[in-house]
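Keep in mind that the numbers below use all heavy atoms, side chains included, and drop hydrogens, waters and symmetry copies. We number each residue from 1, following the sequence as shown.
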Amino acid sequence: MSSPLGSLVRGVAAGIIGSAAQDVFFALTSRVAPKPPEDAFVPPEPEQLEESAPETVARRAAALMQRPLPVDKARAGHAVHYAFGGAWGAAYGATAAMVPKVAGPLGGAAFGALVWVASNDLLLPAFRLAAWPIHYPVRSHLYAIAAHVAYGAAMGIAIQKLTPKKPAPSLIVHTSERAPEPVHMRAHAPDMLEAGAGI
């Protein structure tokens, strides 16, 4: 699909792949992941003490709809994580369709860094899911940036693979487009001589 809708669908798929890559990054770096200061963030809800930010979003969404979570909180949190990654992927897919140069690992990594700024530094604190950036040490920010760069790079590679390539221009000349056959004088010489003899 090369339509705007196709770009969005590819972006969502790429965003989900990027979210999976980020999960792999977290798993591989769990031993060196920095722990935020204990007093950095005071959650407004006591339930948040035992929740990740995606789990809190899932719980709040269920409460807003006045329905229980359809799955356990951990799975609901994972669903929010992948939905969030897919939503940013849709924005990236639309951007890559308009500016093809941003497709690929480098463009995706840059986009992932922008997602870090928008999510970790703005959205999470605004919705009381984390503290504002000034409350975290530089090491925590660097780790979060690396995680989002991994997300973006994987998303960029996925967009490259999922985007249909433009067909190469055809070199086949159709018979209707061929140049007219050259007229050879030798082949028509007897006819010309006969015509001349009648003058």
Side-chain angles (χ1 to χ4, degrees), residues 1-34 36 52-58 61 71 74-127 129-130 133 136 138-174 177:
M1 290 179 288
S2 58
S3 63
L5 178 59
S7 300
L8 292 176
V9 171
R10 284 191 295 273
V12 169
I16 292 173
I17 292 171
S19 298
Q22 192 178 61
D23 281 346
V24 172
F25 172 87
F26 288 139
L28 294 176
T29 60
S30 59
R31 293 184 178 180
V32 297
S52 64
E55 289 173 354
T56 300
V57 172
V71 294
R75 290 184 180 181
H78 271 92
V80 169
H81 168 63
Y82 280 89
F84 190 70
W88 278 112
Y92 177 63
T95 303
M98 294 184 291
V99 188
K101 289 184 178 180
V102 305
L106 292 180
F111 190 87
L114 291 176
V115 173
W116 166 75
V117 173
S119 60
N120 284 44
D121 293 349
L122 295 174
L123 292 176
L124 293 184
F127 286 94
L129 295 167
Y136 296 102
V138 173
R139 189 163 177 252
S140 294
H141 290 299
L142 293 177
Y143 183 77
I145 291 171
H148 283 82
V149 165
Y151 159 78
M155 184 168 59
I157 294 172
I159 278 288
Q160 273 189 329
K161 299 295 184 182
L162 295 173
T163 302
K165 300 294 184 289
K166 293 182 178 179
S170 177
L171 299 177
I172 300 175
V173 179
H174 298 286
E177 298 175 358

Residues 88-100, side-chain donor-acceptor partners within the protein, below 3.5 Å, at least two apart:
{"unit_1": "Tyr92", "atom_1": "OH", "unit_2": "Val102", "atom_2": "O", "d": "2.6"}
{"unit_1": "Tyr92", "atom_1": "OH", "unit_2": "Gly108", "atom_2": "N", "d": "3.4"}
{"unit_1": "Thr95", "atom_1": "OG1", "unit_2": "Ala91", "atom_2": "O", "d": "2.8"}

Can you name the nearest heavy-atom pair linking [X] to [Y], along with the distance?
X	Y	value
Tyr151	Gly112	CD2-CA, 4.4 Å
Thr163	Ile159	OG1-O, 2.6 Å
Ala154	Gly18	CB-CA, 4.1 Å
Gln160	Ala103	NE2-O, 4.0 Å
Pro34	Arg139	CB-NH1, 3.4 Å

Measure the [atom1]-[atom2] distance between [X] and [Y] for me, rounded to the nearest 0.5 Å.
X	Y	atom1	atom2	answer
Phe111	Leu106	CZ	CG	15.5 Å
Leu5	Arg10	CG	CZ	9.5 Å
Leu8	Ser3	CG	OG	8.5 Å

Inset, instruction - Name all residues meeting the salt bridge (Lys or Arg N to Asp or Glu O under 4.0 Å) criterion together with Arg75; count only those two or more places apart in sequence or in a different chain, and write none if there are none. - result: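 For Arg75, the residues satisfying salt bridge (Lys or Arg N to Asp or Glu O under 4.0 Å) (neighbours in sequence not counted) are Asp72.
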N/O donor to acceptor pairs below 3.5 angstrom from side-chain atoms of residues 78-87, sequence neighbours left out:
{"unit_1": "His78", "atom_1": "ND1", "unit_2": "Ala74", "atom_2": "O", "d": "3.1"}
{"unit_1": "His81", "atom_1": "NE2", "unit_2": "Ser19", "atom_2": "O", "d": "3.4"}
{"unit_1": "His81", "atom_1": "NE2", "unit_2": "Asp23", "atom_2": "OD1", "d": "3.2"}
{"unit_1": "Tyr82", "atom_1": "OH", "unit_2": "Asp23", "atom_2": "OD2", "d": "2.7"}

Report all side-chain donor-acceptor pairs from residues 142-150 shorter than 3.5 Å, counting only partners two or more places apart or in another chain.
{"unit_1": "Tyr143", "atom_1": "OH", "unit_2": "Thr29", "atom_2": "OG1", "d": "2.7"}
{"unit_1": "His148", "atom_1": "ND1", "unit_2": "Ala144", "atom_2": "O", "d": "2.8"}

Validation: residues 115-127 side-chain donor-acceptor distances under 3.5 Å, sequence neighbours left out:
{"unit_1": "Ser119", "atom_1": "OG", "unit_2": "Val115", "atom_2": "O", "d": "2.6"}

